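Following: one structure in structure tokens, then a few remarks.
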Amino acid sequence: FIHLPKTGGTTMLTILNNNARLPPHEDGAEHNGLIFFGMPPTPFTILDNIVHAGEDLRYLGGHMGWEDVQIIQDYTPNLRFKPFTILREPKERLVSFWAYLNEIGNNHTLPQMMRGMLRNSMYRMLAPLGSDLKDTEATMASIKKTLKKEFSVVGLTERFDETLMLLTQKGIIRDPSYSKHKVLAGSRPRYADLPEDIQKMLEKHNSLDLELYAWAQEFFNEQIQSADSDFQQRLETFQEEQRSRQEQSGNDGDCEDDLPRFGGWSCEKEKRSERESPRERIKKELEDMDRTEKVLYHVQQMEKPRYW
């Protein structure tokens with residue numbers, strides 16, 4: 001699962017986590033076949049985790065680039081993935097990203113955040129190995145070809161339930177039930193609410209992502225049209241089951257706290273404000289390191305790919 005930031009990815013990872021449960025270890029510890037990465041890893045880190053998981057591996061997901069997965073496949077020819085990803089309207093996605101970063105302590109204006117970011121992160125993360133990102137026409141064509149020919153499902157955040165039905169049809173997940181995670185929609189401005197100059201800045205920042213998303217919308221419709229004849233019936237049944245589960249649990253599905261392994265993000269703002277920010281946590285960890293450990297830490301950070 002190529003997790004493009006702020007596309008419903010934590011909700012998707014939680015679904016994968018639920019589908020990847022394995023019999024517990026002898027000591028009773030939870031055993032799960034999902035490997036995930038909260039920040040872009042190096043291909044070596046991905047490979048090391050895959051080797052360590054062995055036959056228990058069920059899913060690989062997180063903020064990885066498609067090129068990272070291609071490198072891993074070259075090293076593990078007997079391991080074949082069924083890749084999928086989820087795209088979101090780029091301008092709204094970036095506003096959501098900005099709101100989330102401020103929630104965890106960044107405290108930047110939207111223009112400040114964009115000045116410190118690389119442009120077109122969806123385009124960057126989905127570019128095939130060896131792409132010349134400056135040759136946007138060729139790279140865009142390669143991305144579209146890859147998504148169409150090599151990805152099992154190309155989903156949309158705005159049509160999440162239908163995306164889950166496609167994943168179920170492809171045999172990638174069995175249980176698609178879910179509650180939403182990291183929901184900030186009610187506490188942040190929408191793109192349409194922003195001043196015109198900020199809107200234009202967002203459009204420029206996401207120009208290639210906007211082209212890619214427009215194509216993905218068309219391709220998503222193609223996937224729905226070629227789905228099984230009972231697709232619509234399965235979708236309606238699933239949505240009715242979702243409503244029933246939420247009524248029985250007393251959870252309206254608007255937000256569910258993250259699992260500890262996904263960072264433990266809370267739906268309650270008061271609880272979030274009490275949590276130590278990632279920046280504060282890293283600062284404390286560095287203070288406890290000796291000089292050699294600090295050098296090694298910074299070298300490792302430099303080796304990690306950057307997509308945004």
Side-chain angles (χ1 to χ4, degrees), residues 1-13 36-43 45-46 60-71 83-129 131-134 136 139-140 142-143 146-147 154-157 181-182 184 188-189 191 194 198-216 262-263 265 277-279 282 298 300-308:
F1 168 46
I2 306 298
H3 177 190
L4 309 175
K6 301 308 297 175
T7 58
T10 304
T11 301
M12 189 68 245
L13 285 168
F36 84 98
F37 301 96
M39 289 297 288
T42 64
T45 300
I46 301 173
L60 177 68
H63 294 313
M64 307 169 291
W66 172 239
E67 65 177 7
D68 302 320
V69 177
Q70 289 180 291
I71 291 172
F84 71 96
T85 193
I86 301 173
L87 288 81
R88 181 180 180 181
E89 199 288 318
K91 302 186 297 294
E92 207 67 60
R93 186 184 74 89
L94 205 57
V95 176
S96 177
F97 197 15
W98 164 68
Y100 172 69
L101 291 178
N102 281 346
E103 276 285 332
I104 61 174
N106 278 32
N107 299 318
H108 290 154
T109 65
L110 192 46
Q112 285 174 334
M113 183 197 74
M114 283 190 282
R115 282 194 290 268
M117 292 181 67
L118 297 174
R119 297 181 178 185
N120 301 300
S121 55
M122 295 199 299
Y123 167 86
R124 291 176 181 276
M125 292 184 72
L126 295 172
L129 184 64
S131 296
D132 178 1
L133 297 180
K134 294 180 180 180
T136 57
T139 299
M140 185 66 75
S142 294
I143 292 173
T146 297
L147 292 176
V154 177
L156 299 176
T157 304
H181 288 254
K182 290 188 175 74
L184 290 170
R188 66 167 178 84
Y191 169 77
L194 297 172
I198 304 297
Q199 290 183 354
K200 290 181 178 179
M201 191 179 297
L202 279 163
E203 291 175 8
K204 184 177 181 181
H205 192 91
N206 287 292
S207 58
L208 296 175
D209 281 357
L210 285 165
E211 178 186 342
L212 181 58
Y213 179 75
W215 176 87
F262 298 140
W265 192 90
S277 72
R279 185 171 295 179
I282 293 172
H298 288 296
Q300 290 173 335
Q301 296 306 305
M302 291 169 60
E303 290 178 345
K304 289 182 178 180
R306 185 185 175 197
Y307 295 110
W308 59 81

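None of these values were measured; they are calculated from a predicted model. Throughout, residue positions are numbered sequentially from 1 according to the sequence presented.
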Return the [atom1] to [atom2] distance between [X] and [Y], rounded to the nearest 0.5 Å.
X: Arg306; Y: Ser121; atom1: CZ; atom2: OG; answer: 11.0 Å
X: Met122; Y: Ile2; atom1: CE; atom2: CD1; answer: 14.0 Å
X: Leu156; Y: Ile86; atom1: CG; atom2: CD1; answer: 9.0 Å
X: Gln112; Y: Asn102; atom1: CD; atom2: CG; answer: 9.0 Å
X: Tyr213; Y: Thr157; atom1: OH; atom2: OG1; answer: 7.5 Å
X: Asp132; Y: Ser142; atom1: CG; atom2: OG; answer: 10.5 Å

Are [X] and [Y] side-chain neighbours, meaning at least one heavy-atom pair lies under 4.5 Å?
X: Leu4; Y: Tyr307; value: no
X: Val95; Y: Leu202; value: yes
X: Met117; Y: Trp98; value: no
X: Tyr191; Y: Gln199; value: yes
X: Thr7; Y: Met12; value: no
X: Thr85; Y: Leu147; value: yes
X: His63; Y: Pro5; value: yes
X: Arg119; Y: Leu208; value: no

| query | Stepwise, does the side chain to side chain contact (heavy atoms under 4.5 Å, CB included) test hold for His108 with Leu101? | reply | CA-CA 8 Å; His108 290 154; Leu101 291 178; over 6 Å; no
| said: For the backbone of Leu133 and the side chain of Tyr123, can you confirm whether one donor and one acceptor N or O come within less than 3.5 Å of each other? | reply: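 Yes, because the side chain of Tyr123 sits within donor-acceptor range (under 3.5 Å) of the backbone of Leu133.
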| Under the 3.5 angstrom rule, does the side chain of Thr139 hit a backbone N or O of Thr136 as a donor-acceptor pair? |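 Not at all, since once roles are kept as given, no pair shorter than 3.5 Å links the two residues.
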At their closest point, which heavy atom of [X] faces which heavy atom of [Y], and how far apart are they?
X: Lys6; Y: Arg88; value: O-NH1, 2.9 Å
X: Leu126; Y: Ile143; value: O-CG1, 3.6 Å
X: Met64; Y: Ile46; value: SD-CD1, 3.9 Å
X: Pro111; Y: Ile198; value: CG-CD1, 3.5 Å
X: Pro41; Y: Asp68; value: O-OD2, 4.3 Å
X: Leu118; Y: His205; value: O-NE2, 3.4 Å

| Geometric class of the Phe262/Phe36 ring pair [parallel <30°, tilted 30-60°, perpendicular >60°] |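 Taking Phe262 first and then Phe36, their aromatic rings stand perpendicular (interplane angle over 60°).
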| task | Any salt bridge (charged side-chain N to carboxylate O under 4.0 Å, His left out) involving residues 91-118? Give me the pairs, sequence neighbours left out, ordered by first then second residue. | result |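 Listed by first then second residue: Glu89-Lys91, Glu92-Arg188, Arg93-Asp209, Glu103-Lys269, Glu103-Arg272.
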| request: Would you sort out whether Leu60 and Phe37 count as a side chain to side chain contact (heavy atoms under 4.5 Å, CB included), showing the intermediate values? | output: CA-CA 9 Å; Leu60 177 68; Phe37 301 96; 3.8 Å; yes
